[in-house]
Amino acid sequence: MPSAATTWSPASLNVAESSSAAHLERLAARGAERRYRRGTLIIQEGERGDTLYVVRSGRLRAFLSDASGKELTLGLYGVGEYVGEMSLDGGSRSASVEAFETTVCAVITRDVLLGYIAEQPEFALVLMAKLIRRARLATENARAVALIDVYGRLTRLLDQLAGPANAQGERVLGERMTHQQIASHLACSREMVSRLMKDLEAGGYVTLRDKRLVLLKTLPARW
């Protein structure tokens with residue numbers, strides 16, 4: 001264990017992050033493994049909780065919602081990622097989390113996590129690096145919602161989800177997403193997404209192939 005005189009620098013975060021997968025594997029082995037069906041609500045926004053969920057298979061979706069049922073998707077988390085760390089200070093959950101598909105998680109209690117950090121202090125830097133990245137992403141998303149119009153947010157999302165171009169210059173989205181799911185990411189209505197996607201398809205910019213969206217060519221900067 002490092003002595004009290006041990007110091008750290010921004011580079012320490014990079015070193016710790018390089019061992020993140022190994023730490024998560026060891027930590028997950030100390031948790032109880034649970035299986036969740038698609039759509040199962042695992043974390044409820046506003047409730048108090050003291051558990052961390054490490055994804056072993058499948059994916060989780062973190063989101064915000066209001067009384068009318070409108071939702072804003074914050075992110076999708078797959079194998080090797082985790083959710084729930086924000087409540088480990090004893091506060092309430094900052095967002096809801098559901099199983100985006102059938103998912104298996106290792107459920108880690110606060111006591112188990114703190115015990116692991118006591119044994120492996122470097123893991124605290126792993127958590128810190130992840131929190132910093134998520135805070136930056138939240139800032140970028142807030143800026144996009146406030147300063148970029150819906151079409152701009154749509155092209156930004158599609159560009160993030162699309163894979164590399166093939167020989168024909170086409171890019172296939174790695175995610176199968178409905179218009180409602182896209183709308184939840186963009187903080188807009190499903191009808192708006194459907195209208196924009198219909199226009200892009202009519203313009204020869206996108207098409208649906210094997211239930212996956214394909215970007216046929218570079219999307220226009222403005223619509």
Side-chain angles (χ1 to χ4, degrees), residues 34-55 58-78 81-105 107-110 127 130-162 173-200 206 211 213 219 222-223:
R34 295 181 185 170
R35 183 183 182 88
Y36 301 98
R37 283 190 246 179
R38 177 181 179 180
T40 301
L41 188 65
I42 299 172
I43 293 175
Q44 176 69 57
E45 179 185 356
E47 291 184 348
R48 291 189 175 275
D50 64 350
T51 47
L52 181 78
Y53 297 82
V54 180
V55 182
R59 285 179 297 173
L60 301 176
R61 180 177 77 104
F63 64 96
L64 302 173
S65 60
D66 61 19
S68 68
K70 185 177 181 181
E71 296 182 353
L72 172 62
T73 297
L74 301 177
L76 299 176
Y77 304 97
E81 297 184 288
Y82 53 86
V83 298
E85 76 283 0
M86 294 289 286
S87 71
L88 293 174
D89 63 351
S92 59
R93 299 289 193 182
S94 59
S96 295
V97 176
E98 69 172 5
F100 189 70
E101 57 192 59
T102 300
T103 303
V104 175
C105 292
V107 183
I108 314 297
T109 65
R110 183 174 185 272
L127 289 173
K130 178 70 75 175
L131 285 170
I132 289 172
R133 282 201 307 277
R134 288 184 177 176
R136 284 177 175 163
L137 180 60
T139 299
E140 291 173 5
N141 288 340
R143 179 184 296 114
V145 170
L147 303 178
I148 304 176
D149 62 19
V150 174
Y151 175 74
R153 299 203 298 274
L154 174 62
T155 57
R156 179 172 175 264
L157 177 65
L158 296 181
D159 186 61
Q160 290 173 342
L161 296 177
L173 264 67
E175 301 283 346
R176 293 183 181 180
M177 301 185 72
T178 65
H179 287 184
Q180 182 57 61
Q181 289 169 337
I182 293 174
S184 294
H185 276 275
L186 304 182
C188 70
S189 68
R190 180 186 60 78
E191 291 76 16
M192 175 66 77
V193 171
S194 296
R195 184 162 64 250
L196 288 172
M197 295 301 293
K198 183 178 180 179
D199 287 347
L200 287 173
V206 304
K211 296 184 179 181
L213 191 66
L219 300 177
R222 295 190 178 277
W223 194 254

Checklist entry - From I148 CD1 over to E140 CD, what is the distance, rounded to the nearest 0.5 angstrom? => result 10.0 Å
Checklist outcome for this item: Scanning both residues in full, the closest heavy-atom pair of Y82 with R134 reads O-NH2, 2.6 Å
Checklist entry - Under the side-chain hydrogen bond (donor to acceptor under 3.5 Å, both in side chains) test, which residues partner S184, sequence neighbours left out? => result none
Got a list of side-chain donor-acceptor pairs under 3.5 Å for residues 37-44, not counting sequence neighbours?
| unit_1 | atom_1 | unit_2 | atom_2 | d |
| --- | --- | --- | --- | --- |
| T40 | OG1 | R37 | N | 3.4 |
| T40 | OG1 | R37 | O | 2.8 |

Checklist outcome for this item: Residues L52 and G84: closest non-hydrogen pair is CD1-C, 4.1 Å
Next on the checklist: For the CG atom of L158 and the CG atom of L173, what is their distance to the nearest 0.5 Å?
Outcome noted: 5.5 Å
Next on the checklist: Using the salt bridge (charged side-chain N to carboxylate O under 4.0 Å, His left out) criterion, which residues pair with R190? Sequence neighbours excluded.
Outcome noted: none
Checklist entry - Where do G46 and S92 come nearest, in terms of heavy atoms and distance? => result O-CB, 3.3 Å
Name each donor-acceptor pair under 3.5 Å that joins a side chain in residues 95-105 to protein atoms two or more places apart or in another chain, with its distance.
| unit_1 | atom_1 | unit_2 | atom_2 | d |
| --- | --- | --- | --- | --- |
| S96 | OG | E45 | N | 2.9 |
| E98 | OE2 | R61 | NE | 3.0 |
| E98 | OE2 | R61 | NH2 | 3.1 |
| E101 | OE1 | R59 | NE | 3.0 |
| E101 | OE1 | R59 | NH2 | 2.9 |
| T103 | OG1 | R59 | N | 3.1 |
| T103 | OG1 | R59 | O | 2.8 |
| T103 | OG1 | E101 | O | 2.6 |

Next on the checklist: So, using side-chain contact (heavy atoms from CB on, under 4.5 Å) as the criterion, who are the partners of M86 when residues are at least two apart?
Outcome noted: S94, L131
Item to check | Shortest non-hydrogen contact between G78 and V55, atoms and distance | outcome: O-CB, 3.2 Å
Checklist outcome for this item: Smallest heavy-atom separation, R153 atom then A187 atom, equals NH2-O, 3.7 Å
Checklist outcome for this item: Interatomic distance, OG1@T51 vs CZ@R93, rounded to 0.5 Å, equals 4.5 Å
Checklist entry - Can you find a heavy atom in the side chain of D159 that is under 4.5 Å from one in the side chain of L219? => result no
Checklist entry - Checking side-chain contact (heavy atoms from CB on, under 4.5 Å) for the pair L213/M197: CA distance, chi angles, key distance, verdict? => result CA-CA 10 Å; L213 191 66; M197 295 301 293; 3.3 Å; yes
Item to check | Rounded distance [0.5 Å steps], CD in E175 versus CD in Q181 | outcome: 8.5 Å
Item to check | Heavy-atom closest contact (F63 atom, T73 atom, distance) | outcome: CB-CA, 4.1 Å
Checklist outcome for this item: Here the gap from I182 atom CD1 to L196 atom CG, rounded to the nearest 0.5 Å, amounts to 10.0 Å
Checklist outcome for this item: Across all chains, not counting sequence neighbours, the salt bridge (charged side-chain N to carboxylate O under 4.0 Å, His left out) partners of D50 are none
Checklist entry - How long is the span from the CZ atom in R133 to the CZ atom in R136, to the nearest 0.5 Å? => result 9.5 Å
